[in-house]
Amino acid sequence: MDLEKSSIERLKRTLYSRDESLVPKEKHTPVSPIENNVKTDWGTNTSFELEKESTPMAKTNNSFFHKFLGISAAFFVVSLGIAVFMFYGGLNTISSNNLDVEITAPSIVASGEEFVMGLSVINGNPTEIQDVNLFVTYPNGSKEVTNSTPLSFEKIPLGNIESGESKDYVLRSLVFGEKDAVRSFVLRIEYKVVGSNATFSKEKSYDVVIGSSPVILELSYPSEITSGQEFTLSIDITTNSASVIQDALMKVDFPYGFTYETSNLKPVRDSMWNIGDLKNGEKKTISITGSLVGQNNEERSFQISLGTESADSVFDFDTILVADVATIAIRKSFFDLAVSAGEGNIGRIGQTSSVNIDWQNTLPDKLINNKITAKISGNVLNRSSVSPSNGGYYESLSGSVIWDKNNLPKLETLNPGDNGQVSLSLGAIQNPNSLLGIENPHIDIAVTVEGVRSGIETGSVFSEEKITIKFPSTLGFTSKTFRSGVPLGTTGPIPPKADTETTYIIAWTLTNTTNNLEKGTVSATLPLGVVWKGEVSPSTEKVTYDEGSRAVYWNVGNISRGAGFQYSPKTVYFKVGIIPSLTQVGSTPALLLQTNAAAEDSYTKTPINIGASSATTAFTDPNFKTSDGTVIK
């Protein structure tokens, strides 16, 4: 302890002293040097192999492990080989590979004809198969042979089949479809084996090609038409099926721009026709008439399909039997045809209208045997007034004016670009009483130009243009003066006296013949010396007076056709007064100036204006004398 303390003290003094140096406290025992003999080469190669166990126990354990591992691997290989052999080598009694379905049937059948398929179910398994069932899925459109009932699925029990034996079955059906369509039969065999409740199956399919259609469609239609031209698409339906095709339907998908007009058989719904049952050799025709509008050089196609009616309301057809397409080209015009009459195709009762027909061959081909026909009709046509020019012949029985090479030689041959004009004149009936029962009077003119192309493309060409000459209604208007016998009373001397007021009643009456009129008005101006009294009858009529312009204005509104003939006319009464001047003595002064009636024809959309003579102091009472309207002093 003292030694340790002295050592620590000595160390502290050494550390904190500036003069004393550290002195070793004790001596160490010296160590003798060790001499190492280092080789200068690598010497012999060292083996890194483990030394074998030299004991008998280790050698015995390693030999047993290798033998066990080899026996296990051999057992696995043998087991796998046996399993593969059992499954693929035919010893598996439930293998579907040992079951075969042989099919004997034609690969091509005509649509609607009987299709016969022979089946042989062969059991190649070493054991019997039991409860064998054949399931048949028929293609769309299949039907029974005897009653044409639709077929879709059928289950056929075949019973048990011994090892190495077979069961045969014959399928008979009617197969329908379009030519070259492929129809697939799907066959599935289900069976069981002895001692198992499991059900095994095998499936096989058979394709048959439809060699021909049971229905033939023959389409007849013009290859080219002018835009808006009416034409007929004729569809001939002929059957060549040995069996009856029941509940046949035909659908026509109309192109854009087509307007259906009529057909010889009424459609059951839009673009769908019920053809009924079709027997072998039977022929039916559907004719569809309409018009097609389109741009120049456009083509429009009609899609025609015929098949059997579907039981599902979602679908049109159960099976499509035949389909075809009709494509029609649209031209602006083969003859660049233009027809015009009068001013904007508006005629006038009692006047003659001139009709001009201009044409030009717009084709690059020569046209021969050309013919122009103008068919004239209408509810006010005066047949006796029709007069053709340019040698045209008026066939009054048919109402047609005809020009051809016989009366106009130029029409025999028209080269590309050739043009010309023909004309005719006509008029409407002039008896006003005959017009009273006619609404919207008009004359229709349908002009057709036809010829035969003689170029590369041959055939008839046709252009058509229609116009309607409309006739405005006849508006009647009178302005009369009364002293008695009408609504509103009068005062003052008769004959009128200078510087003394006498009052009169003005009656405005409007009549109308054939068309309804709208926006009707009547106006007039009061001359100086005539005074507006402000009395109107009926009071419901819209009659106004403007003091600044001295104008009387009647807002009539609508004027029905037949007013004044079949119905009461439109009439209004109003009172005016006059204080004659001394300068008017001996004269019959006017009570109204610039009297005019106006309206718009609702059919022709044309304005109608008519004036009336000025009303004077010469009134229209039954006891009126000429002197009663002359001013005296």
- Message: Could you check whether atom CG of Asn623 has more than 12 heavy atoms from other residues, nucleotides or ligands sitting under 6.0 Å from it?
- Response: yes
- Verify the neighbour count for atom CD of Gln594: are there more than 12 heavy atoms of other residues, nucleotides or ligands below 6.0 Å? no
- Step by step, work out the side chain to side chain contact (heavy atoms under 4.5 Å, CB included) result for Trp403 and Ile357. CA-CA 11 Å; Trp403 294 268; Ile357 303 170; 4.1 Å; yes
- Can a donor-acceptor pair be found between the side chains of Thr232 and Thr289 at a distance below 3.5 Å? yes
- Message: Any heavy-atom pair between the side chains of Thr620 and Thr481 that's under 4.5 Å?
- Response: no
- May I have the step-by-step check of side-chain hydrogen bond (donor to acceptor under 3.5 Å, both in side chains) for Thr327 and Ser301, ending in yes or no? CA-CA 4 Å; Thr327 300; Ser301 295; 2.9 Å; yes
- Item | Derivation of the side chain to side chain contact (heavy atoms under 4.5 Å, CB included) call for Thr525 and Ser549 | CA-CA 8 Å; Thr525 302; Ser549 62; over 6 Å; no
- Item | Asn512 side chain to Ser473 side chain, donor-acceptor N/O pair below 3.5 angstrom | yes
- Message: Using every non-hydrogen atom in the two residues, find where Asp277 and Asp247 come nearest and quote the distance to one decimal.
- Response: OD1-N, 2.9 Å
- Message: Regarding Thr588 and Thr617, do their side chains bring together a donor and an acceptor under 3.5 Å, going by distance alone?
- Response: no
- Message: How close do Val531 and Leu526 get, counting heavy atoms only, and between which atoms?
- Response: C-CD1, 4.3 Å
- Does any donor atom in the side chain of Ser581 or Thr583 lie under 3.5 Å from an acceptor atom in the other side chain? yes
- Message: Can you tell me how far apart CG (Leu424) and OG (Ser389) are? Round to the nearest 0.5 Å.
- Response: 7.0 Å
- Query: Which word best sums up how the rings of Phe619 and Phe624 line up, parallel for under 30°, tilted for 30 to 60°, or perpendicular for over 60°?
  - Reply: perpendicular
- Query: Quick one: does Ile469's side chain get under 4.5 Å of Leu426's, heavy atoms only?
  - Reply: yes
- Message: Would you say NZ of Lys284 has more than 12 non-hydrogen atoms from neighbouring residues, nucleotides or ligands within 6.0 angstrom?
- Response: yes
- Do Asn596 and Ser523 have side-chain N/O donor and acceptor atoms under 3.5 Å apart? no
- Task: May I ask you to decide if Leu592's main-chain N or O and Ser614's side chain share a donor-acceptor pair within less than 3.5 Å?
- Result: yes
- Message: Please check this pair: side chain of Asp621 against backbone of Ser484, looking for a donor-acceptor N/O pair closer than 3.5 Å.
- Response: yes
- Message: Looking at Glu501 and Ile579, would you say the former's side chain and the latter's main chain have a donor-acceptor pair under 3.5 Å?
- Response: no
- Message: For Ile275 and Ile286: C-alpha separation, side-chain torsions, deciding distance, then whether side chain to side chain contact (heavy atoms under 4.5 Å, CB included) applies.
- Response: CA-CA 9 Å; Ile275 309 301; Ile286 304 297; 4.0 Å; yes
- Query: Charged N to carboxylate O under 4.0 angstrom, Lys466 versus Glu230?
  - Reply: no
- Query: Between CD of Glu465 and CG of Asp358, what distance do you get to the nearest 0.5 Å?
  - Reply: 11.0 Å
- Note on the structure: Here the pair of heavy atoms bringing Gly427 nearest to Ile443 is O-CD1, 3.8 Å
- Message: Can a donor-acceptor pair be found, under 3.5 Å and without considering hydrogens, that links the side chain of Lys470 to the backbone of Asn440?
- Response: no
- Check whether any side-chain heavy atom of Asn415 lies under 4.5 Å from a side-chain heavy atom of Asn361, and answer yes or no. no
- Euclidean distance, Lys371 NZ relative to Phe462 CZ, rounded to 0.5 Å: 11.0 Å
- Spatial distance of atom OG1 (Thr226) from atom CG (Leu337) [nearest 0.5 Å]: 9.0 Å
- Flag, side chain of Ser227 to backbone of Val293, donor-acceptor distance under 3.5 Å: no
- Can you label the angle between the Trp532 ring and the Tyr545 ring as parallel, tilted or perpendicular, going by 30° and 60°? parallel
- Query: In Å, rounded to the nearest 0.5 Å, how long is the span from CG of Leu411 to CH2 of Trp359?
  - Reply: 5.5 Å
- Task: Taking the side chain as every heavy atom from C-beta outward, state whether Ser425 and Ser423 have any pair of such atoms under 4.5 Å apart.
- Result: no
- Between Tyr221 and Phe302, does the ring centroid distance fall short of 6.0 Å? no
- Query: Taking C-beta and beyond as the side chain, do Ile328 and Arg300 meet within less than 4.5 Å on heavy atoms?
  - Reply: no
- Message: Check whether Tyr504 forms a cation-pi arrangement with Arg483 (NZ or CZ under 6.0 Å from the six-membered ring centre, at most 45° off the ring normal).
- Response: yes
- Query: Tell me, do Ser385 and Thr352 make a side-chain contact under 4.5 Å, heavy atoms counted?
  - Reply: no
- Message: Can you tell me if Lys410 has over 12 outside heavy atoms packed within less than 6.0 Å of its NZ?
- Response: yes
- Kindly give the heavy-atom pair with the smallest separation between Pro580 and Val631, and that separation in Å. CB-CG1, 3.5 Å
- Across all chains, not counting sequence neighbours, the side chain to side chain contact (heavy atoms under 4.5 Å, CB included) partners of Asn558 are Glu518
- Query: Taking atom types as modelled, is there a side-chain donor on Asp444 or Thr468 under 3.5 Å from an acceptor on the other?
  - Reply: yes
- How long is the span from the OG1 atom in Thr474 to the CG atom in Asn515, to the nearest 0.5 Å? 9.0 Å
- Message: On a heavy-atom basis, which atom in Leu435 and which in Val380 lie closest, and how many Å separate them?
- Response: CD2-CG1, 3.8 Å
- Query: So do Arg453 and Leu367 actually touch side chain to side chain, heavy atoms under 4.5 Å?
  - Reply: yes
- Message: As a quick check of understanding, evaluate side chain to side chain contact (heavy atoms under 4.5 Å, CB included) for Ile235 and Leu306, giving each step before the final call.
- Response: CA-CA 11 Å; Ile235 306 169; Leu306 189 142; over 6 Å; no
- Backbone of Asp253 reached by a side-chain donor or acceptor of Ser271 within 3.5 Å: no
- In short, Thr616 meets Leu591 closest at the heavy-atom pair O-CD1, 3.5 Å
- Query: Would you say Phe477 and Thr595 make side-chain contact, with heavy atoms under 4.5 Å?
  - Reply: yes
